[in-house]
Structures are given as C-alpha cells and as structure tokens.
Q: 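One structure, pasted below without further comment.
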2 protein chains.
Amino acid sequence: MNINISDEHCPLRRTLEIIGGKWTMLIIFQINERTIRYGELKRCIVGISEKMLISQLKFLCDKGFVHKKSFAEIPPKVEYTLTDIGKELLPVINQLIQFGLNHKF
Amino acid sequence: MNINISDEHCPLRRTLEIIGGKWTMLIIFQINERTIRYGELKRCIVGISEKMLISQLKFLCDKGFVHKKSFAEIPPKVEYTLTDIGKELLPVINQLIQFGLNHKF
DNA sequence: CAGCATCCATATGGATACTG
DNA sequence: CAGTATCCATATGGATGCTG
C-alpha cells in the first residue's frame with residue numbers, strides 16, 4: 001500500500017481522526033446493531049461525562065456514522081442507531097478488540 | 001463479541017490507547033518492514049515536532065511495538081525497527097487506510 | 001545526529017448547575 | 001429525559017534553544 005503520510009488528508013489520517021477519539025469507538029461499539037436511547041447509552045459507557053457523550057454523538061451524527069431520531073414527547077425521547085457507514089466500522093472495532101485480546105501491552 | 005465497555009482495561013480501550021494517539025499509527029506505518037534512522041523518520045512524517053516524535057517513539061518502545069538500536073558513534077546513529085508485535089499492527093493500519101479510501105467523511 | 005529541557009498556547013475533558 | 005452552559009484543571013503539543 002502506497003500512502004503518502006505527509007498529506008494531512010491521506011486516508012489513514014482521516015480515519016484516525018474518527019477512531020482516534022477517546023470515546024467515539026466505544027459509543028459506536030455500544031450502539032452496535034440496536035436502537036438505544038440517550039439515557040441507556042450514558043449508563044452503558046461508564047466514565048463518560050454528559051458533555052463528552054453529547055459532543056461525540058453530535059460529531060458522529062455530523063460525520064454520518066450515527067443516526068439520531070427525536071420524539072416530540074414530554075418527557076423527551078431520543079433514539080440513536082448506526083447508519084450503514086457506521087456499521088462498517090464494527091468489523092474494524094472487532095479487529096481492534098481482537099488485537100487487544102491477543103496482546104498484553 | 002461480548003466486551004464490557006465499562007472496564008477501563010477492556011481490550012478495546014487498551015488498543016485505542018495505543019492507536020488513538022495522533023502520531024503512533026503514522027510512525028508505525030512509516031517504519032513498516034524496514035530499518036529507518038531517526039532523521040529520515042522525522043523527514044517522512046511531515047508535521048510532527050521533535051518532541052512528539054521522540055516521546056511517541058519512547059512510548060512505542062516501552063510498549064514493545066518498536067525496537068531501538070543506538071550506535072556508539074560520533075555523530076550518533078539510531079535505528080528503529082518494528083518488533084514482531086509491532087508488525088502485527090500493520091494489517092490493522094491497512095484496514096484503517098482501506099476504510100478511509102472507501103469513505104468520504 | 002539524536003534528543004532533552006523549557007516555556008507557553010490551546011485543546012480536551014470533568015463537575016456542576018440549569019432548562020425545555 | 002435529554003440536553004445546554006459555564007467554569008476550571010489538566011493534557012496535549014508546538015517553538016526554541018541547548019547538549020553529548
């Protein structure tokens with residue numbers, strides 16, 4: 001593979017910008033194939049602050065990896081799902097997990 | 001795959017700590033299968049500062065992904081190579097590149 | 001040549017209180 | 001319930017100068 005690392009917009013750097021974040025991959029992996037509400041998501045990802053969860057979700061929505069559906073109800077209800085592109089990240093994440101399982105670093 | 005995201009030391013979080021950095025994967029990919037000197041490495045990875053390159057190399061050596069060989073010469077000469085574990089990251093990186101190539105996000 | 005030390009700007013991210 | 005807003009601590013990272 002002949003990739004020019006110098007280029008700030010090379011595919012590797014662009015992908016790393018997505019997966020590099022501390023939380024994005026955890027969020028994607030947690031949503032996975034299901035539909036999940038904001039509150040449950042927050043409970044699942046122990047350690048994340050509200051600010052981070054919201055901002056990362058917004059980031060992922062903007063990038064087209066996550067789809068957000070709001071219901072006009074009181075109390076509010078918001079559901080998150082992965083888009084088709086988002087789902088394509090799942091095998092990548094699984095490879096990362098596999099690597100982590102194989103090595104004690 | 002049944003991974004507990006809550007655990008700070010789950011395989012996914014651990015792997016993300018490695019690849020999450022802005023530079024680590026670029027360095028690994030740049031070293032690749034060859035032996036490369038510090039200076040050339042620095043020239044290859046446009047945009048990285050000396051401080052970052054040194055600290056990230058140290059990090060990767062500590063983690064066992066990179067091997068460093070210093071020569072007792074004047075002027076100094078230091079060669080970096082990937083360890084076997086480090087080389088196992090190459091397919092992961094290639095998948096990241098592939099993902100970047102496939103999607104315009 | 002390789003790499004350390006220092007200073008400093010900015011980014012990241014946590015805690016808390018508040019709102020529709 | 002699902003966010004926003006604000007304040008603040010720390011981490012990240014760049015520039016520069018120096019050294020064996």
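These values consider heavy atoms only, across backbone and side chains, with no hydrogens, waters or symmetry-generated copies. Computed from a predicted structure; not experimentally measured.
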Q: Decide yes or no for B:Asn94 and B:Phe29: does some side-chain heavy atom of the first lie under 4.5 Å from some side-chain heavy atom of the second?
A: yes
Q: NZ of A:Lys77 versus P of D:dG3: gap in Å, rounded?
A: 13 Å
Q: If the cut-off is 4.0 Å, is B:Lys58 near the phosphate of C:dG3, judged by side-chain N/O to OP1 or OP2?
A: no
Q: May I ask you to establish whether B:Lys63 and A:Phe105 are in a cation-pi arrangement, using a distance under 6.0 Å from NZ or CZ to the six-membered ring centre and at most 45° from the ring axis?
A: no
Q: Could you check if a side-chain atom of A:Ile31 sits within less than 4.5 angstrom of a side-chain atom of A:Leu60, using non-hydrogen atoms only?
A: no
Q: If a protein heavy atom is under 4.0 Å from the base, mark B; if only from the sugar-phosphate, S; if neither, -; do that for nucleotides 5-17 of chain C going 5' to 3'.
A: -BB-----BBB-B
Q: For the residue pair A:Ile48 and A:Leu26, establish whether any side-chain heavy-atom pair is separated by less than 4.5 Å.
A: no
Q: Under 4.0 Å: is that the gap between some side-chain N or O of A:Lys68 and OP1 or OP2 of D:dG3?
A: yes
Q: Is the shortest heavy-atom distance from the side chain of A:Arg14 to the side chain of A:Ile18 under 4.5 Å?
A: no
Q: Measure from the side-chain heavy atoms of A:Tyr38 and tell me the nearest of C:dG20, D:dG3, C:dC4.
A: D:dG3
Q: Quickly work out the A:Ile54 CD1 to C:dG20 P distance and round it to whole Å.
A: 16 Å
Q: Closer than 4.0 Å, any side-chain N/O of A:Arg37 to the OP1 or OP2 of D:dA2?
A: yes
Q: As a test of reading the structure: which of C:dC1, C:dC4, D:dC1 is closest to the side chain of A:Pro75, going by heavy atoms?
A: D:dC1
